[in-house]
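The next block holds one structure in the form of C-alpha cells; read it before the comments.
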Amino acid sequence: MKNLVTFFGMAAVAVVASAANGVPSAPSNLTLSLNSELSVELKWNLPATYTDGEAFADGSKVSAVKVYRNNSEIAQLGGDATAYVDYMEDAGHPDGHGYGLNVYEVSACVDNVWSATCLPEQIMVGEAMVQTPLPWEPALKGLDENSFNNVWCSYDNSWTAGSDGLTFAADGVGASCGWIVGPMTGSLDLLPRRRYVAEFKVESDVNMLYSVGLVDVASPVAEQPMKFIQVISGNTLAGENSAVRQVEFVYEPKNGDDVFWPESVLFAVNACVPAGSGEFCMSLSYLKISAAESASVDDATVVSEASGIEVYNLQGVLLGSASSLDLDGYAPGLYLVRYISGDRARSIKVLVQ
C-alpha cells in the first residue's frame with residue numbers, strides 16, 4: 001500500500017514505514033560570498049531530519065561536514081560547522097581556489113552515514129563573462145546581417161539569416177557539416193545539476209540529421225574547433241516532424257570522465273549531411289531555453305497516469321528509467337523522478353524502502 005507524502009514543496013510516493021531510513025538530509029541554504037582578498041566564504045544550515053522527514057533519533061546529530069569544490073573534496077569539518085573559508089591559491093594555501101568559475105557543495109554525516117551533497121552554488125572569481133539570463137528566446141526570423149552576427153557565430157559560414165529562421169544549406173555533392181553557436185552576447189546563465197527545458201523547431205525539405213546541445217567556446221579542443229560539452233538532443237531527424245520539440249535536461253557537462261562547469265556556455269546546432277544527398281535546406285525557426293518548473297502531484301489518480309518515467313539521484317544524475325512510480329528494482333533510498341502525466345512534465349521525490 002502506498003501513501004502520498006509531501007517533501008520540499010513536491011509530492012513523494014513512499015512505502016509506509018514507521019522508522020526513519022537512517023540517511024540524513026543534505027545541508028541547506030548554501031550561500032557564497034567573495035571578500036576583498038578573493039577568499040570565498042561559505043555558509044549553510046545543518047540538517048535535523050532524515051531524508052524521509054523523520055527527526056534524528058535521540059542522541060544522533062551531525063558529526064562531520066564535507067566541503068566540495070568543482071566536484072572534489074577540499075575539507076572535512078567538525079559536525080557543528082556551518083561556515084568555511086576557501087582561500088585563494090597562493091604559497092600559504094597551495095590547495096586554494098583559482099580564478100574563474102568555482103562550484104561548491106556540502107554534505108553531512110550522522111551516525112557514520114553521509115548525506116547527499118546539497119544543491120551546488122557557484123561563484124566567479126575574477127572577471128566574469130556576461131551572463132545571458134533565462135528564459136532565453138532569441139529572435140530567429142528575418143534578421144539583418146548585423147543582428148545575426150551580433151548574436152550568432154556560424155563556423156565556416158555554413159549558416160545564414162533568412163526569412164524563415166537561421167538557415168543551413170548545401171549542394172549535397174560532398175559531405176557537409178555546419179555549426180551555429182550563440183548567444184555571442186554572453187554565456188547562458190545555467191547552474192550545475194539544475195533542470196532546464198530546451199524548446200526548438202527545426203524544419204527541412206529533406207530528411208537529414210542534426211544535433212543540439214551546449215558548447216564551451218572559451219576552451220576549444222585542439223584540431224577540433226567545436227565540440228558539445230553536453231548533448232541535449234543527438235542525431236535527430238529533420239523533415240520527419242517539424243513540430244516544436246521540447247527536451248528537458250540536467251545541466252551537467254562532462255570533460256571526458258570528469259564533470260566540470262565551464263565559464264562560457266552557449267547553445268549550438270550541428271547539422272550534417274552525407275555526400276551525394278542532393279541539395280537541401282534546413283532552418284531553425286524557434287528556440288527557447290528556460291528553467292524547468294517543478295509541479296506537484298495532487299492525488300493518486302495523477303500518479304497512476306505516469307509515463308516516460310526517468311529516475312535521478314539527489315544530485316540530478318540520471319540513473320535510468322522505470323515502468324511505474326513504485327521504482328521496482330531500485331535500492332532503498334530517496335530519488336528524484338520526472339514523468340509525463342497527460343500533456344505535462346512533473347517532478348516528484350520517491351522514497352523506496
Listed pairs under 3.5 Å, donor-acceptor, residues 229-236 side chains, sequence neighbours left out:
from, atom 1, to, atom 2, distance (Å)
Gln230, OE1, Glu252, N, 2.8
Gln230, NE2, Val250, O, 2.6
Ser233, OG, Thr236, OG1, 2.7

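With no hydrogens or angles considered, no side-chain donor-acceptor pair links Glu54 and Thr49 at under 3.5 Å. Between the side chains of Asp111 and Ser60, at least one donor-acceptor pair of N or O atoms lies under 3.5 Å.
Contact check for Val311 versus Tyr335: side-chain heavy atoms found under the 4.5 Å cut-off. Put simply, the side chain of Phe267 does not reach to within 4.5 Å of the side chain of Val181, judged on heavy atoms. At least one side-chain heavy atom of Leu38 sits under 4.5 Å from a side-chain heavy atom of Tyr99. With a 4.5 Å cut-off on side-chain heavy atoms, Tyr251 and Trp261 count as touching.
Distance check, rounded to the nearest 0.5 Å: CG of Leu101 to CD of Gln122 gives 4.5 Å.
Residues that satisfy the disulfide (SG to SG under 2.5 Å) test with Cys109, not counting sequence neighbours, are absent from this structure.
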Stepwise side chain to side chain donor-acceptor pair (under 3.5 Å) check, Ser285 with Glu203: CA-CA 8 Å; Ser285 58; Glu203 300 174 273; 3.3 Å; yes
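For the pair Lys66 and Trp114, the distance from NZ or CZ to the six-membered ring centre is under 6.0 Å and the angle to the ring normal is within 45 degrees.
Under a 3.5 Å cut-off, the side chain of Asn35 and the backbone N or O of Ser33 do not form any donor-acceptor pair.
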